[in-house]
Number of protein chains: 2
Amino acid sequence: MPNNLYEKAKELISHTGDRTTHHRIRTLATLLAEQHALTHREIEERLNVKGQLDRVTLYRVLEWMSKKNLIHKIAGDDRVWRFRVNTELHSHQHAHFICTRCTKVTCLNDFRIKPDPSLPLGYLFHEIELTVKGLCAECA
Amino acid sequence: MPNNLYEKAKELISHTGDRTTHHRIRTLATLLAEQHALTHREIEERLNVKGQLDRVTLYRVLEWMSKKNLIHKIAGDDRVWRFRVNTELHSHQHAHFICTRCTKVTCLNDFRIKPDPSLPLGYLFHEIELTVKGLCAECA
DNA sequence: AATTAGATGCAACTAAGTTGCGTATTTTTT
DNA sequence: AAAAAATACGCAACTTAGTTGCATCTAATT
């Protein structure tokens, strides 16, 4: 993982106003380096190659980053959360693709979603999540 | 639960060609009676008012019914599966609404989804799932 | 350098969902 | 109608993602 990602992560975290800890920076840098969404376990594996980090701490770091809108999480078919960094492109309303064989998650950026769905009377819209299921190029 | 639901469930199950057991019929009848998706636990509670049914058996019944396309399952934000019967209206491509406060799931039937999404090269489309999050009428 | 609010690590816990296996029930065959 | 084959059921034990409580440590503030 290149050093500039570490610096970028550091800057993004300091902008939140909260503490810029080593764990937060390393975790965000890891997600910045990835092209697809990672599970808690995958992040843990990448981080623990060098230097330790407690499972629980990672859960809390990820939770904090979600709350701060640095990342977003995706519910997969295997009831495991996957996390992806929020860039301008990846934030908010876009679609996810889940491969039903290898369970890898990719973001489909050039996928337009109707922003304002019509809901039953009294319902309040908050966000929309579109998941496409199928086989990825490797598994097809 | 009215008797005709039991009969309807029985007929649907016999059409699969597999065994029409009491548990399968009761489970499907329970889902037929509901207007929204139920969790495994909610189904269990309804079924165990009278007569017992093992947790594991229910999991297997639900899995079997999914495979037979009698029902479909929905991934919620609380990593709990929810199950909904497939009628002509409810099958395949439609949207779900999840209330982020009470976590109840409703099907949005008058919600059109573009049937054929454009995917990256080599990817194979299987199904599309659209989830709208927000507050339901009771929680708003 | 001392303070303090918040982050971390550890151990124990919760809960959804799964697996293995012996027993019971359907369905088929005779 | 009884026996045989195939499948479903129930129980116990297990797996694993995610959570909670609490003592300790550390980044920002004074």
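Computed from heavy atoms alone, side chains included, the values below leave out hydrogens, waters and symmetry copies. Chain letters run A, B, ... following the sequence lines, proteins first, then strands; residues in each count from 1.
For the pair A:Arg55 and C:dG9, the criterion of a side-chain N or O lying under 4.0 Å from OP1 or OP2 is not met. Phosphate proximity of C:dG17 to B:Trp81: present, with a side-chain N or O under 4.0 Å from OP1 or OP2.
The interatomic distance linking A:Ile25 (CD1) with C:dA7 (P) rounds to 13 Å, in whole Å. Distance, A:Ile13 CD1 to C:dG6 P: 17 Å, rounded to whole Å. Between B:Asp78 atom CG and C:dG17 atom C1' there is a gap of 14 Å when expressed in whole angstrom units. One atom, CZ of B:Phe83, and another, P of C:dA16, lie 12 Å apart when rounded to the nearest Å. Put simply, CD1 on B:Ile43 is 14 Å from C1' on C:dG17, counting in whole angstrom units. Rounded to whole angstrom, the span from the CD atom of B:Glu44 across to the P atom of C:dG17 amounts to 11 Å. What separates CZ of A:Arg19 from C1' of C:dG6 is a distance of 4 Å, to the nearest Å. Note: CZ (A:Arg79) to P (C:dG17) measures 5 Å, nearest angstrom.
Residues B:Glu44 and B:Arg55 approach most closely at OE2-CG, 3.1 Å, considering heavy atoms.
The aromatic rings of B:His22 and B:Tyr6 lie tilted to each other, with the angle between the two planes from 30° to 60°.
In this model, a donor atom of one side chain and an acceptor atom of the other lie less than 3.5 Å apart for B:His72 and B:His96.
Note on B:Arg46 versus B:Glu34: salt bridge recorded, some NZ/NE/NH1/NH2 to OD/OE distance being below 4.0 Å.
A 4.5 Å side-chain heavy-atom check between B:Arg79 and A:Trp81 finds at least one atom pair inside the cut-off. B:Asn86 is not listed as a side-chain neighbour of B:Leu70, based on a closest heavy-atom distance of 4.5 Å or more.
Among the nucleotides C:dG17, C:dG9, C:dT8, the one closest to any side-chain atom of A:Asp54 is C:dG9.
Among the protein residues, B:Arg60 comes within range of the nucleic acid bases, having at least one heavy atom under 4.0 Å from a base atom. When heavy atoms are screened at a 4.0 angstrom cut-off, B:Arg41 is found touching the sugar-phosphate backbone but no base atom. Residue A:Thr20 is in sugar-phosphate contact alone, with no base atom involved, counting any heavy-atom pair closer than 4.0 Å across all strands shown.
Along DNA chain D, the stretch of nucleotides lying under 4.0 Å from any heavy atom of chain B spans, 5' to 3', D:dA6 to D:dG18.
Two residues, A:Thr57 and B:His22, neighbour DNA chain C, and the one matched to the more 5' nucleotide by heavy-atom proximity is A:Thr57. Taking for each of B:His40 and A:Asp18 the nucleotide of DNA chain C with the nearest heavy atom, the 5'-most of the two is the partner of A:Asp18.
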*Given the rule in the ring pair (Phe, Tyr, Trp, His ring centres under 6.0 Å) test, do A:His40 and A:Phe83 qualify, once you have shown the distances and angles that lead to the verdict?*
CA-CA 8 Å; A:His40 171 275; A:Phe83 302 88; 7.6 Å; no
